[in-house]
A.B. asks: 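Quick one: the structure is below, and I'll ask about it shortly.
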Amino acid sequence: MNMDLKSNEPFWLLKNGLIESYPSLKADGECDVLIIGGGITGSLIAHQMLEDGYSTILIDKREVCNGSTSATTSMLQYEIDVPLFELIEQIGEKGAVESYKACSKAIDTIDELAKKIKSDAGFKRKKSLYFAAKKKDVDWLKKEFVARKLAGFEVKWLEPDEIFEKFGFEKTYGGIVSKQGASIDAFKFAHELLEYNVKKGLQVFDKTEMKSVKSGRDYNLVSTVNGPTIKAKKIIYCVGYESKNMIKEHFVMLKSTYAVVSEIDHDKFKNITGTLVWNTDDPYIYMRTTDDRRLLIGGGDEDFYDAEKRDSLLNTKEKSILKSLKKIKPDYEFYTDFVWAGTFGETKDGLPYIGEHKKFKNSYFVLGFGGNGITFSVAGMEMVSLFMQNKKHPLTKYFKFGR
């Protein structure tokens, strides 16, 4: 299966151009930690490892950040794809609430991190509006509102007329407004994190693909396709849905998702510049403004078969996404500037897979699947840090393989 991650160049790649290129690996290396995968997850984990004082090498088979990270919509939410009340039924109150809280805390962590590295990736705190797309969704959405309120999240219920008044959206059936949310250019932020840490001793090699791993008692020897080897005490796999090719059991479903970005318009999107918007439709649509005043809308998710089929649907998906917008904003004239597709992984409970796998010695996976993979990856920083000290994180049992 050809795992081409995106198509019709994503907006972020074109907006940022080529930020930084790294060399490929040309000589054998040795380190405490080898990170495989140089997207937003790999760059966050690398940051943590450098903070903790480990010698670290990061490799990526493409150019860094050119996988899913370039195709993300970078909406930072504490909400998980599975509603809180449902997740409580699935895994119990403690695990469900803790998972939601970890995502909420992750937004604060990204804020602090952005300040620390003097990021220019447009981090912006936003409210989040989750509205009912159909009348029949109101009952469970109200149930969700209660569950979140009980868990201590700052939420408000808005009736349809209040949503219209505040955001100018028609034909909604009410919804939840959350105080906690944000957006960022994750592609740029990942590049900034790598640059910051390279100055502190991180070694980064792109166009360097792992070929095979030999495990010793307390180390792994990794051979690369180019030839050189890397000897590492631990490997952290930050390979996103490509893990599907490495791990035998069925643990993630691949989905294609589509996004469109409008031309710049300073006035038209004024009343939602401070808000992330998504709805209860299946598949749901989601939207946010970008830091250069465009509207970004995504949706149309469906099962991923191959890159070609996914990309052949770009026009159809663009039309259906804009039709959904027309329903709630009939007065908007949306002028498309970019349209692209990406692929992401979806799990049965909306939670990531972060932890050890019995088939991979001296190794740890950080796979932030779902609609909020980035916030899961931030939770993964703390989890990897504890793993390196042979300690367990409270979320381990909810995020582990074979759960």
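Because the structure is predicted, anything quoted here is derived from the model rather than measured.
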A.B. asks: Are side-chain heavy atoms of Gln90 and Leu351 found at a separation under 4.5 Å?
C.D. replies: no
A.B. asks: Answer yes or no: is there a side-chain heavy-atom contact under 4.5 Å between Glu144 and Leu84?
C.D. replies: yes
A.B. asks: Of Tyr237, Phe251, Tyr364, which is the lone residue that meets ring-ring contact (aromatic ring centres under 6.0 Å, His included) with Phe401?
C.D. replies: Phe251
A.B. asks: Does the pair Ile230 and Gln203 meet the rule for a side-chain contact (heavy atoms from CB on, under 4.5 Å), with working shown?
C.D. replies: CA-CA 12 Å; Ile230 302 168; Gln203 296 181 67; over 6 Å; no
A.B. asks: NZ of Lys326: more than 12 outside heavy atoms within 6.0 angstrom?
C.D. replies: yes
A.B. asks: Considering only heavy atoms from C-beta outward, does the side chain of Val339 approach that of Tyr258 to under 4.5 Å?
C.D. replies: no
A.B. asks: According to the interplanar angle, ranging from 0 to 90°, do the rings of Trp340 and Phe11 count as parallel (below 30°), tilted (30 to 60°) or perpendicular (above 60°)?
C.D. replies: parallel
A.B. asks: Do the side-chain N and O atoms of Ser178 and Ser128 include a donor-acceptor pair separated by under 3.5 angstrom?
C.D. replies: no
A.B. asks: Please determine whether the number of non-hydrogen atoms from other residues, nucleotides or ligands lying under 6.0 Å from atom NZ of Lys392 exceeds 12.
C.D. replies: no
A.B. asks: Any donor-acceptor pair under 3.5 Å linking the side chain of Ser119 with the backbone of Ile117?
C.D. replies: no
A.B. asks: Are the side chains of Leu194 and Glu20 in touch, meaning some heavy atoms are under 4.5 Å apart?
C.D. replies: no
A.B. asks: Would you say Glu89 has more than 12 foreign heavy atoms packed within less than 6.0 Å of its CD?
C.D. replies: yes
A.B. asks: Take Phe304 and Ser256 through the side-chain contact (heavy atoms from CB on, under 4.5 Å) test and state the conclusion after the steps.
C.D. replies: CA-CA 5 Å; Phe304 172 87; Ser256 302; 3.3 Å; yes
A.B. asks: Which pairs with one or both residues in residues 218-238 pass salt bridge (charged side-chain N to carboxylate O under 4.0 Å, His left out), sequence neighbours excluded?
C.D. replies: Asp32-Lys233
A.B. asks: Does atom NZ of Lys15 have more than 12 heavy-atom neighbours from other groups under 6.0 Å away?
C.D. replies: yes
A.B. asks: Is Glu162 salt-bridged to Lys156, cutoff N-O under 4.0 Å?
C.D. replies: no
A.B. asks: Test Arg148 against every option in Tyr78, Tyr130, Tyr100 by the side-chain hydrogen bond (donor to acceptor under 3.5 Å, both in side chains) rule and name the one that passes.
C.D. replies: Tyr78
A.B. asks: Would you say that more than 12 heavy atoms from the other residues, nucleotides or ligands in this model lie under 6.0 Å from the NZ of Lys26, or not?
C.D. replies: yes
A.B. asks: Step by step, work out the side-chain contact (heavy atoms from CB on, under 4.5 Å) result for Trp157 and Leu141.
C.D. replies: CA-CA 10 Å; Trp157 180 267; Leu141 197 56; 3.9 Å; yes
A.B. asks: If you measure from NZ on Lys270 to CG on Asp265, what distance do you get to the nearest 0.5 Å?
C.D. replies: 9.0 Å
A.B. asks: Just do the salt bridge (charged side-chain N to carboxylate O under 4.0 Å, His left out) check on Glu63 and Lys207 with the steps written out, would you?
C.D. replies: CA-CA 6 Å; Glu63 292 188 349; Lys207 300 210 174 63; 2.9 Å; yes
A.B. asks: Is there side-chain contact between Phe369 and Ser243, with heavy atoms separated by less than 4.5 Å?
C.D. replies: yes
A.B. asks: Is there a side-chain contact between Ser68 and Phe344 (heavy atoms, below 4.5 Å)?
C.D. replies: no
A.B. asks: For the residue pair Asn226 / Thr224, report whether a side-chain donor-acceptor contact shorter than 3.5 Å exists.
C.D. replies: no
A.B. asks: Measuring centre to centre across the rings, with the benzene-like ring taken for any Trp, is Phe269 within less than 6.0 Å of Tyr332?
C.D. replies: yes
A.B. asks: Ion pair present between Asp111 and Lys115, side-chain N to carboxylate O less than 4.0 angstrom?
C.D. replies: yes
A.B. asks: Answer whether the closest heavy-atom distance between the side chains of Glu79 and Trp278 falls below 4.5 Å.
C.D. replies: yes
A.B. asks: Identify whether the distance between the nearest side-chain nitrogen and carboxylate oxygen of Lys309 and Glu302 falls below 4.0 Å.
C.D. replies: yes
A.B. asks: Phe360 pairs by side-chain contact (heavy atoms from CB on, under 4.5 Å) with which of Asn220, Ile247, Ile235, Val213?
C.D. replies: Ile247
A.B. asks: Between Asp185 and Lys124, is the closest basic N to carboxylate O distance under 4.0 Å?
C.D. replies: no
A.B. asks: Does any part of the side chain of Thr273, heavy atoms only, come nearer than 4.5 Å to the side chain of Arg293, both counted from C-beta?
C.D. replies: yes
